[in-house]
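I'd like to ask some things about the structure below.
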Amino acid sequence: MLAAYVIASASLAYLVKQLVYRQSHKITRDGKSLRTPPGTLPVFGNGLKFLLLDRQSLFDWFSKIQNEIFGFETYEIRVPTLPPGIVVSNPDVLEFIMKKEGSEGFGKGPFFEERSWHLFGRHGIINASGQLWKIQRKAGNKFFAGSHLQALVDEVFPKFWEKAREELDEAAETGKIVDMEELYLEFTTRVMGRVAFGMDLSNSHPFSAAFDYASDLTGLRFQNPLWKLNYYLFGQKFRKAVSIVKSFGNEIVRLAVCRREIDDTSIHNGTEPTEEGGDLVDMLLDAVPEHHVVADSAINFLSAGRDTTANSMTWVLHLLLEQPEFIPYITDELPAAAIHTYSSLSTTLTPRSHAVFLETLRLYPPVPFELKQTLNPVGMTLPDGTMLPPESVVVWCPYAYGRSKRIWGDDAYDFRPDRWIERTVLTDGIEEVKLKVKSASEYPVFNGGARSCLGRRMAEVMGVWVLGESLRNWEFEEVEKIGRRRSRNSLTLPMDGGLKVRVRKRKN
Ligand code: HEM
């Protein structure tokens, strides 16, 4: 009883403090308050909507009000207990925000950090800032340079695809149903485990289930103003999951350190060093002396690369099964007999396959929701005149951006890979097909500015390679044809219920 009284009083005091803070820290444009979405309530603001809607419904709501009401206008969202917030839909405004990354402009800020620290830690690339972030970014850049990607495509992909190939062949013979989301996740997990950390990692490892659980709950924290209360009162399972994730990060580092010691001894004795090293973890260990920082960083890189790429492959396959007229975009470009090498997967040689991949991510961005906070102590003024007090939360929703009719036209909700393709008829009558380039502020799927995605090229190459392998060897049929699928609550955009298919061997 006493505990309930203390919690209720503390919550009330916090609410009053936030309301007073809001009165003195108003967001304005031309001296007036910004418009708010329909249904915004006097005290609760949009809090109930955030609390009650699942993430997919929230993304649909953002898309709808952007197209039907606000267009490019920056509007305000209000959630009691949270700092004042705006939603940005105008590419010019977003470009400004992306360019102003840093302590004088915008950054992750306490709003994002507080909610994600448990899972991602404070020191990994996702939450780090300043020098610590720069060192990890540099190590990542080195790792994703061309030569590593080439080795990845030419040597590592075929090796790890072998298990998927066997499973699909067996399913084609026996009629077994395959969940393609799981199959792709197993592939991306093994690739990331080997290349980044020198480990044999499978999706059946307890880390994966723990990470997925913690990631789902972390995603919901961004919607739930009472998440802290939830964490302290009912967070036991979450804490357990996070401790499994952390132990796994420490294990990655421990194994890498052991491997380096063995290699040092081998070189000293004139014998062969160990066969395979985890390139990324080695680069991080070279750059950062503190092992707990490397452990955070390793988990950050793994989570940034594993789910996002598996999500994207699953959505591509789903959209192609819905609109099979686009399957030849991939099968014609990636001829049946060839083993795709890194150099054969450039955007110049495979523009249509890349168009399919980018078009899918426009509609189903694996990072569907982004936010920053105003770090500048005197606040910031946006190019459209919106004046933000310090600590304001700035939100943009790549899911809604991809459906913006102002950016993509009236057919924004349609899957149409051709919007990425530029065709020119050359003097000799041959048609040249090129991939169109979109700016990060129109297509914020991989973020932009200083913190743009480090793994974009790897994701694109992996996506095109896997889809080529899948579609030129097998035909797929969704078990339940229920139209466009929905995502489930998570930090990324997994498909609700997975993608279950029947498989047939393709006749070439
Ligand atoms: C389709 C797949 C992918 C998508 C859509 C994607 C998208 C993004 C986005 C939106 C961000 C910014 C997140 C933020 O605001 O902090 C980001 C950051 C990042 N991504 Fe990706 N990503 C993908 C694949 C990958 C892969 C394969 C890797 C490889 C490990 C990777 C590594 C990273 C890293 C390290 C960062 C943090 C960069 C920094 O803060 O400096 N991503 N990604």
Side-chain angles (χ1 to χ4, degrees), residues 94 97-98 101-102 106-109 111-113 115-116 120 123-130 132-145 148-149 152-153 156-157 184-185 187-189 191-197 222 278-281 283-284 296-316 354 357-373 394-399 401-402 440-441 443-467 491-494:
L94 184 55
I97 294 165
M98 284 171 167
E101 176 79 44
F106 301 92
K108 292 270 162 67
F111 183 83
F112 180 90
E113 289 161 357
R115 283 159 183 77
S116 67
F120 292 134
H123 311 291
I125 186 163
I126 291 178
N127 274 327
S129 53
L132 196 54
W133 166 73
K134 269 193 196 146
I135 295 172
Q136 294 176 61
R137 179 102 194 161
K138 204 168 152 200
N141 264 325
K142 204 166 144 198
F143 174 70
F144 289 113
H148 275 101
L149 277 187
L152 198 69
V153 178
V156 179
F157 287 2
Y184 288 149
L185 193 58
F187 177 73
T188 57
T189 306
V191 168
M192 287 300 296
R194 169 55 63 199
V195 202
F197 311 120
F222 290 92
D279 290 332
L280 178 63
V281 76
M283 284 171 192
L284 290 170
D296 274 1
S297 191
I299 293 294
N300 284 195
F301 273 95
L302 180 60
S303 53
R306 181 185 83 117
D307 298 44
T308 48
T309 33
N311 286 176
S312 57
M313 293 165 192
T314 311
W315 287 106
V316 177
H354 278 84
F357 190 72
L358 296 179
E359 175 68 350
T360 302
L361 265 54
R362 179 180 71 81
L363 291 168
Y364 296 99
V367 181
F369 192 77
E370 283 272 12
L371 57 88
K372 300 260 176 213
Q373 216 164 348
V394 174
V395 167
W396 66 95
C397 176
Y399 187 93
Y401 247 83
S441 54
Y443 183 73
V445 166
F446 293 96
N447 208 7
R451 295 196 87 131
S452 60
C453 174
L454 268 176
R456 175 173 182 162
R457 182 71 191 129
M458 173 173 168
E460 287 176 354
V461 170
M462 183 145 53
V464 171
W465 191 94
V466 163
L467 289 157
L491 269 177
T492 56
L493 204 71

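Start at 1 and go down the list; that is how both ligands and their atoms are numbered. Quick caveat: nothing in here was measured; it's all calculated off a predicted structure.
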Starting from atom 36 (C) of ligand 1, find the nearest protein heavy-atom neighbour and note its residue, name and distance.
->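 Nearest neighbour among protein heavy atoms for atom 36 (C) of ligand 1, to 0.1 Å: L454 N, 4.2 Å.
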Can you tell me how far OG1 of T360 sits from CG of N311, rounded to the nearest 0.5 angstrom?
->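 Answer for the CG-OG1 pair, N311 versus T360, is 12.0 Å.
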Counting distance only, does the side-chain N/O of R306 pair as donor-acceptor with the main-chain N or O of T189 below 3.5 Å?
-> no
Give me the ring orientation class for F112 and F222: parallel if the planes are under 30° apart, tilted from 30 to 60°, perpendicular past 60°.
-> tilted
Which ligand 1 atoms are under 4.0 Å away from a heavy-atom of L361?
-> 1 (C)
Roughly how far, to the nearest 0.5 Å, is CG of L454 from NZ of K142?
->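 It is 14.0 Å, given to the nearest 0.5 Å.
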Where do R456 and F144 land on the side-chain contact (heavy atoms from CB on, under 4.5 Å) test, with the steps shown first?
-> CA-CA 9 Å; R456 175 173 182 162; F144 289 113; over 6 Å; no
Proximity of N447 to ligand 1 by residue part, where a heavy atom lies under 4.0 Å | both
For V445, take its heavy atoms, then give the atoms of ligand 1 lying under 4.0 Å from any of them.
->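 Listed by number with element: 5 (C), 7 (C), 10 (C).
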Nearest non-hydrogen atom to atom 29 (C) of ligand 1 belongs to which of F301, F446, F144?
-> F144
Quick check: does any side chain N or O of E460 sit under 3.5 Å from a backbone N or O of F357, one acting as donor and the other as acceptor?
->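 No, E460 side chain to F357 backbone: no donor-acceptor pair under 3.5 Å.
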Between the side chain of Q373 and the main-chain N/O of F111, is any donor-acceptor distance below 3.5 Å?
-> yes
Nearest protein heavy atom to atom 25 (C) of ligand 1, by residue and atom, and its distance?
-> A304 O, 3.4 Å
Quick one: look up the protein heavy atom nearest atom 24 (C) of ligand 1 and list residue, atom name and how far away it is.
-> T308 OG1, 3.4 Å
With side chains defined as the heavy atoms from C-beta onward, is the minimum distance between D296 and F120 less than 4.5 Å?
-> no
Identify, by atom number and element, the atoms of ligand 1 in contact range of A459, meaning under 4.0 Å from any of its heavy atoms.
-> 1 (C), 2 (C), 24 (C)
Can you find an N/O atom of K372 closer than 3.5 Å to an N/O atom of ligand 1?
->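 Checking ligand 1 against K372, no N or O pair falls under 3.5 Å apart.
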Would you indicate whether the side-chain heavy atoms of N127 and S116 approach each other to under 4.5 Å?
->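 Yes - at least one pair of side-chain heavy atoms lies under 4.5 Å apart.
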May I ask you to list the atoms of ligand 1 that are less than 4.0 angstrom from any heavy atom of M192?
->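 In order of numbering, the contacting atoms are 30 (C).
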Exam field: side chain Y399 to backbone L493, donor-acceptor pair closer than 3.5 Å | no
Considering only heavy atoms, which of S312, A139, C453 lies nearest to atom 22 (N) of ligand 1?
->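 It is C453 whose heavy atom sits nearest to atom 22 (N) of ligand 1.
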At the 4.0 Å heavy-atom cut-off, does P365 count as touching ligand 1?
->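 Distance cut 4.0 Å: P365 fails for ligand 1.
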Please identify which atoms of ligand 1 are closer than 4.0 Å to at least one heavy atom of E370.
-> 10 (C), 12 (C), 13 (C), 14 (C), 15 (O)
Can you tell me which residue and heavy atom of the protein come closest to atom 40 (O) of ligand 1, and the distance to 0.1 Å?
->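 That would be R451 NE, 3.1 Å.
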For W133, the ligand 1 atoms whose distance to one of its heavy atoms is below 4.0 Å =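 Answer for ligand 1: 39 (C), 40 (O), 41 (O).
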In Å, rounded to the nearest 0.5 Å, how long is the span from CG of L371 to SG of C397?
->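 Separation between the atoms: 11.0 Å.
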Is the closest N or O pair between K108 and ligand 1 shorter than 3.5 Å?
->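 Yes, there is a polar N/O contact under 3.5 Å.
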R362 side chain to L358 backbone, donor-acceptor under 3.5 Å | no
What is the closest protein heavy atom to atom 28 (C) of ligand 1, and at what distance does it sit?
-> G455 CA, 3.5 Å
To which protein heavy atom is atom 27 (C) of ligand 1 closest, and what is the distance rounded to 0.1 Å?
->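 Heavy-atom neighbour on the protein nearest atom 27 (C) of ligand 1: G305 CA, 3.6 Å.
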Among all protein heavy atoms, pick out the one at the shortest distance from atom 39 (C) of ligand 1; state its residue, atom name and that distance to 0.1 Å.
->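 Nearest protein contact, heavy atoms only, for atom 39 (C) of ligand 1 is R137 NH1, 3.4 Å.
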